[in-house]
Amino acid sequence: MTGRRELDGCELDRFDLAILDILQRDNKIPQRAIAEAVGLSAPAVQRRIKRMEEDGTIIANIAVINPFSVRQEITLIVEIEMVSELGHLHDQAKRAFNEAPEVQQCYYVTGEIDFILLITVRSMADYEALTRRLFFGNNHVKRFRSFVAMDRVKVGLSFPLNIRKERGGRAVHRKP
């Protein structure tokens, strides 16, 4: 689920968007129920889902886990400023952040800082060990700043797809 990939001219129609809207809320919904909701046959929905998986529109089917259930109770947002703008140093940092299981999300950003990380850990001691490994142990990290999340107000990865419901419950794509 990482990295940027351009789609090869993949055009999504209103049916594709309606299917995606349903799947991003719950990807365990039976295809026959999706078919009924969007006004297609189950085989047509299956073909569309397969095509969207193959073309990279759908990049993963995952379980979203409650962090408290697995004792990953501390969420931190971390800003990182690198010493240099050299591309290969940023590439090394990207690899290190990508390989660290505590890093849930990593964004390479514009502005005064270079990266923003979303990190979950069990304890502050675990976070300290991570900072020693990723930041203090990396001569190319100039500075980092951590923000501890007090509450998980909204967490998600879904996208607004400009879907509205027509009479009869069918989803239709709205033009922006």
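Note that this is a predicted model, so its numbers are computed, not measured.
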Tell me, do [X] and [Y] make a side-chain contact under 4.5 Å, heavy atoms counted?
X	Y	value
V83	N139	no
I34	L40	no
R145	V78	no

Mind listing the closest non-hydrogen atom pair of [X] and [Y] along with its distance?
X	Y	result
V141	L134	CG2-O, 4.1 Å
A35	V45	CA-CG2, 3.6 Å
M52	D55	O-OD1, 3.0 Å
M82	D114	N-OD2, 2.6 Å

Any salt bridge linking [X] with [Y]? Criterion: basic side-chain nitrogen under 4.0 Å from a carboxylate oxygen.
X	Y	answer
D21	R25	yes
K50	E54	yes
R133	E128	no
D16	R51	yes
R71	D126	no

With a cut-off of 6.0 Å (strictly less than), are more than 12 heavy atoms of other residues, nucleotides or ligands near CZ of R122?
->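 Yes, the 6.0 Å shell around CZ holds more than 12 heavy atoms from other groups.
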Would Y107 end up clustered with F147 when hydrophobic side chains under 4.5 Å apart are linked, directly or stepwise?
->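 Yes: a chain of side-chain contacts under 4.5 Å links Y107 to F147.
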Honestly curious: do L130 and L76 fall in one hydrophobic cluster under the side-chain, below-4.5 Å linking rule?
->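 Yes; L76 is reachable from L130 via cluster members.
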For residues 110-130, pull every pair meeting ring-ring contact (aromatic ring centres under 6.0 Å, His included), keeping only residues two or more places apart or in separate chains.
->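 Output for this query lists H90-F115, F97-F115, Y108-F115.
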May I ask you to decide if F135's main-chain N or O and N138's side chain share a donor-acceptor pair within less than 3.5 Å?
->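 Flag not set: sc N138 to bb F135 has no pair under 3.5 Å.
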Do any N or O atoms from the side chain of Q24 and from the backbone of F159 form a donor-acceptor pair under 3.5 angstrom?
->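 Checked: pair present.
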Just grab all the side chain to side chain donor-acceptor pair (under 3.5 Å) pairs involving residues 61-70, residues at least two apart or on different chains.
->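 Qualifying pairs: N27-N61, E53-N61.
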